[in-house]
Amino acid sequence: MSRSRMEKPSVATYADHEIISPPHKLRRAISTVPVSDVDDPVARAEQALARLSCEFSGWMEQEGERLDQARNVVKAAGFTVASRDALFFAAHDIRGDAETLGYPGLAIPAASLCRLIEHTHDMKRIPLALVDQHVDAVRAIIREGSRPDAEQTVAALTGRLRDVTDEFLARENRDRPDALEDILSPTLAPDDPTF
């Protein structure tokens, strides 16, 4: 107790003001850690990802299977709330996992399928062939994504898929000009930080 009474703030008085500086009590509480003991959480995360990277292709295969199963349910029973949600969330998960799991090209067709589902008010009007094209594109990119010429093929495939989806959405939303601009705005690239 007597120690805290002795540690009084310093006061500097000027003609029109005073500056009060409190004592620096926290300096006693700080300890130094040897550089060798510093924990780098980013480095640990990168090491963990490197250890898990051999599993990435298997996980993405499973995500592709899930998307394919959701498509098959839609084809068999039509679009219901449950089948629409299953298809949307399977595509959305692929879109989110694509970059992390080493499949950046998958984000574009998966995002396009999400846009198609999200911006079509009457789900029964979505051509199943267009859903098939999206799912088949995702499955092909998973299967063939490691080939040396895959990047050019993915770009051509996803570009055309985007065009066809835009045409369909423009037709479906032609009576909603206020929403049409948002629907047809350019898809963000997977390396865009706002993607």
Side-chain angles (χ1 to χ4, degrees), residues 24-74 81-119 131-163 165-166 169 182-195:
H24 297 289
K25 297 176 185 177
L26 292 178
R27 289 188 193 240
R28 290 189 304 262
I30 296 174
S31 64
T32 57
V33 177
V35 175
S36 61
D37 293 344
V38 174
D39 179 37
D40 183 3
V42 173
R44 278 190 300 123
E46 288 173 348
Q47 290 171 353
L49 280 175
R51 284 191 305 271
L52 292 172
S53 65
C54 62
E55 304 290 331
F56 289 174
S57 62
W59 292 343
M60 197 49 78
E61 280 285 335
Q62 290 173 350
E63 291 295 326
E65 283 294 323
R66 185 173 139 223
L67 182 64
D68 191 37
Q69 290 170 359
R71 173 207 14 207
N72 290 333
V73 169
V74 168
V81 172
S83 65
R84 178 202 64 207
D85 287 350
L87 187 64
F88 178 83
F89 288 123
H92 193 269
D93 288 350
I94 289 172
R95 176 187 169 201
D97 292 342
E99 185 75 30
T100 302
L101 299 183
Y103 292 86
L106 282 179
I108 298 168
S112 180
L113 182 55
C114 288
R115 280 180 54 247
L116 178 66
I117 295 167
E118 188 174 16
H119 295 296
V131 173
D132 284 340
Q133 290 169 350
H134 280 87
V135 175
D136 291 342
V138 167
R139 306 266 308 174
I141 293 168
I142 292 171
R143 185 180 58 250
E144 306 292 331
S146 62
R147 290 181 32 190
D149 62 338
E151 194 171 317
Q152 294 86 8
T153 305
V154 167
L157 176 66
T158 57
R160 182 65 187 131
L161 196 54
R162 169 67 190 215
D163 292 343
T165 302
D166 281 349
L169 289 174
D182 291 335
I183 293 170
L184 299 178
S185 64
T187 300
L188 299 172
D191 58 348
D192 187 316
T194 59
F195 181 61

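In this text, all values refer to a predicted model and were calculated from it rather than measured experimentally. Numbers here simply count residues along the sequence, with the first being 1.
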>> Please enumerate all residues that pass side chain to side chain contact (heavy atoms under 4.5 Å, CB included) together with Ala137, with sequence neighbours excluded.
In response: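 Pro109, Leu157, Leu161.
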>> Please enumerate all residues that pass side chain to side chain contact (heavy atoms under 4.5 Å, CB included) together with Val74, with sequence neighbours excluded.
In response: Phe79, Ser83, Leu87, Leu128
For residues 58-67, which side-chain donor-acceptor pairs fall under 3.5 Å, sequence neighbours excluded?
from  : atom 1 : to     : atom 2 : distance (Å)
Glu63 : OE1    : Arg66  : NH1    : 2.9
Glu65 : OE2    : Arg139 : NH1    : 3.1
Glu65 : OE2    : Arg139 : NH2    : 3.1
Arg66 : NH1    : Asp93  : OD2    : 2.8
Arg66 : NH2    : Phe89  : O      : 3.4
Arg66 : NH2    : Asp93  : OD2    : 2.8

Rounded to the nearest 0.5 Å, what's the gap from [atom1] on [X] to [atom2] on [Y]? Could you check?
X: Phe56; Y: Asp97; atom1: CZ; atom2: CG; value: 9.5 Å
X: His92; Y: Arg95; atom1: NE2; atom2: CZ; value: 5.5 Å
X: Glu46; Y: Asp40; atom1: CD; atom2: CG; value: 8.0 Å
X: Tyr103; Y: Ile141; atom1: OH; atom2: CD1; value: 11.0 Å
X: His134; Y: Ile117; atom1: NE2; atom2: CD1; value: 8.5 Å

>> As a test of understanding, state which of Val138, Val131, Leu113 forms a side chain to side chain contact (heavy atoms under 4.5 Å, CB included) with Arg71.
In response: Val131
